Amino acid sequence: MKTVHKFVLNPHGEPRTIEITQQHAFIYTSFMTNAKELWVWVEVDTDPGAPREVKKLKVTRSGDALPTDAEYCGTAVDQYHAEAYHVYCLAD
């Protein structure tokens, strides 16, 4: 079976480390205006014995430099400040 977990990111903060199953899919990213946070939803396996991995999520803005091996996870827009935030997984 699968489920969806939500992770909260600070758009101006340090990268966040999360632990998720190896079989996962980043399905949605949104900017929550009232909290000034990015919310990232990830579909994961519910099997408690499923192999897991650690991912480091980093929020960038358009034009920010990224490592070449960073994996794109999603984009969210702050509609009141015309700012786009992009979420990437960084390689360890």
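What's counted below: heavy atoms across the whole structure, side chains too, no hydrogens, waters or symmetry copies. As the structure is a computational prediction, the values presented were derived from the model and not from experiment.
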Contacts of type side chain to side chain donor-acceptor pair (under 3.5 Å), residue Ser62, not counting sequence neighbours: His86
Check: Thr46 side chain, Met1 main-chain N or O, donor-acceptor pair, under 3.5 Å: yes
Residues that, via side-chain heavy atoms closer than 4.5 angstrom, fall in one hydrophobic cluster with Leu66: Tyr72, Tyr88
Residues in salt bridge (Lys or Arg N to Asp or Glu O under 4.0 Å) contact with Glu43, at least two apart in sequence or another chain: Lys2
Thr17 OG1 to Lys58 NZ distance, which is reported to the nearest 0.5 Å: 12.0 Å
For His12, side-chain contact (heavy atoms from CB on, under 4.5 Å) partners two or more places apart: Asn10, Tyr85
Atom pair CD1 (Ile27) and NE2 (His5), whose distance is rounded to the nearest 0.5 Å: 11.0 Å
Side-chain heavy atoms of Thr3 within contact of Val44, under 4.5 Å: yes
Path from Met32 to Val8 over hydrophobic side-chain contacts below 4.5 Å: yes
All side-chain contact (heavy atoms from CB on, under 4.5 Å) counterparts of Pro67, not counting sequence neighbours: Asp69, Ala70, Leu90
Ring pair (Phe, Tyr, Trp, His ring centres under 6.0 Å) involving His24 - partner list, sequence neighbours excluded: Phe26
Set of side chain to side chain donor-acceptor pair (under 3.5 Å) partners for Asp78, sequence neighbours left out: His81
Closest approach of Lys55 to Cys89 (non-hydrogen atoms, all atoms of both residues): CD-SG, 4.0 Å
Any donor-acceptor N/O pair, Thr21 side chain to Ala50 backbone, under 3.5 Å: no
Whichever hydrophobic residues join Val77 through chains of side-chain contacts under 4.5 Å: none
Distance-minimising heavy-atom pair for Leu38 and Ala76: CD2-CB, 3.4 Å
Contacts of type side-chain contact (heavy atoms from CB on, under 4.5 Å), residue Glu14, not counting sequence neighbours: none
Residue pair Pro11 / Phe31: nearest heavy atoms and the distance that separates them: CG-CE1, 4.1 Å
Residue Glu83 excluded, over 12 heavy atoms near CD under 6.0 Å: yes
Salt bridge (Lys or Arg N to Asp or Glu O under 4.0 Å) contacts in which one or both residues fall within residues 26-36, not counting sequence neighbours: none
Glu19 CD to Glu53 CD distance, which is reported to the nearest 0.5 Å: 9.5 Å
Trp41: ring pair (Phe, Tyr, Trp, His ring centres under 6.0 Å) partners, not counting sequence neighbours: Tyr28, Trp39
Leu57 to Cys73 - nearest heavy-atom pair and separation: CD2-SG, 4.3 Å
